[in-house]
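Position 1 is the first residue of the sequence; numbering continues from there.
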Amino acid sequence: ELLRLTQLGLELVALLFGAIHLPLIAFKGLAALPFIVAATGAASLFVPLIAWVRQGVLLSFSVHLAAYLVVGSFLRATY
């Protein structure tokens, strides 16, 4: 049987992913907090997507790519 992630396992992965980003505070101060919160939230979304959905890696990559294209286009047009 493939590795099955329980709800607790998913929460731990999300917290670990968020904790990995904590050193950003040393470089950016409290301005890094929105990024850390977003990274933790994204882990809560993408870990189950990858673990439980058929072709979840492809879907996760596609969502990331689309988000970066939209945000990049918005920022380029705005600034």
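- Atom CG of residue L22 and atom CG of residue L33 lie 8.5 Å apart, to the nearest 0.5 angstrom.
- Looking at every heavy atom in both residues, P34 comes nearest to A31 through CD-O, 3.3 Å.
- Applying the ring pair (Phe, Tyr, Trp, His ring centres under 6.0 Å) test to residues at least two apart or on different chains, the pairs with a partner in residues 12-39 are F17-H21, H21-F35.
- Side-chain contacts under 4.5 Å among hydrophobic residues (ILVMFWY), followed directly or transitively, place L15 with no other residue at all.
- Remark: L12 pairs with L8 by the side chain to side chain contact (heavy atoms under 4.5 Å, CB included) rule, at least two apart or across chains.
- The two residues P48 and A43 make their nearest non-hydrogen contact at CD-O, 3.9 Å.
- Clustering of Ile, Leu, Val, Met, Phe, Trp and Tyr side chains at separations under 4.5 Å places V57 together with I50.
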Hey, can you pull the donor-acceptor pairs under 3.5 Å for the side chains in residues 64-79, sequence neighbours left out?
| residue | atom | partner | partner atom | Å |
| --- | --- | --- | --- | --- |
| H64 | ND1 | S60 | O | 2.8 |
| S73 | OG | L69 | O | 2.8 |
| T78 | OG1 | F74 | O | 2.7 |

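- Hydrophobic clustering of Ile, Leu, Val, Met, Phe, Trp and Tyr side chains at less than 4.5 Å, counting indirect connections, unites V13 with W52.
- The hydrophobic cluster containing L45 also includes F46, L49, V53, L59, V63, under a criterion of side-chain heavy atoms closer than 4.5 Å among ILVMFWY residues, counted directly or through chains of members.
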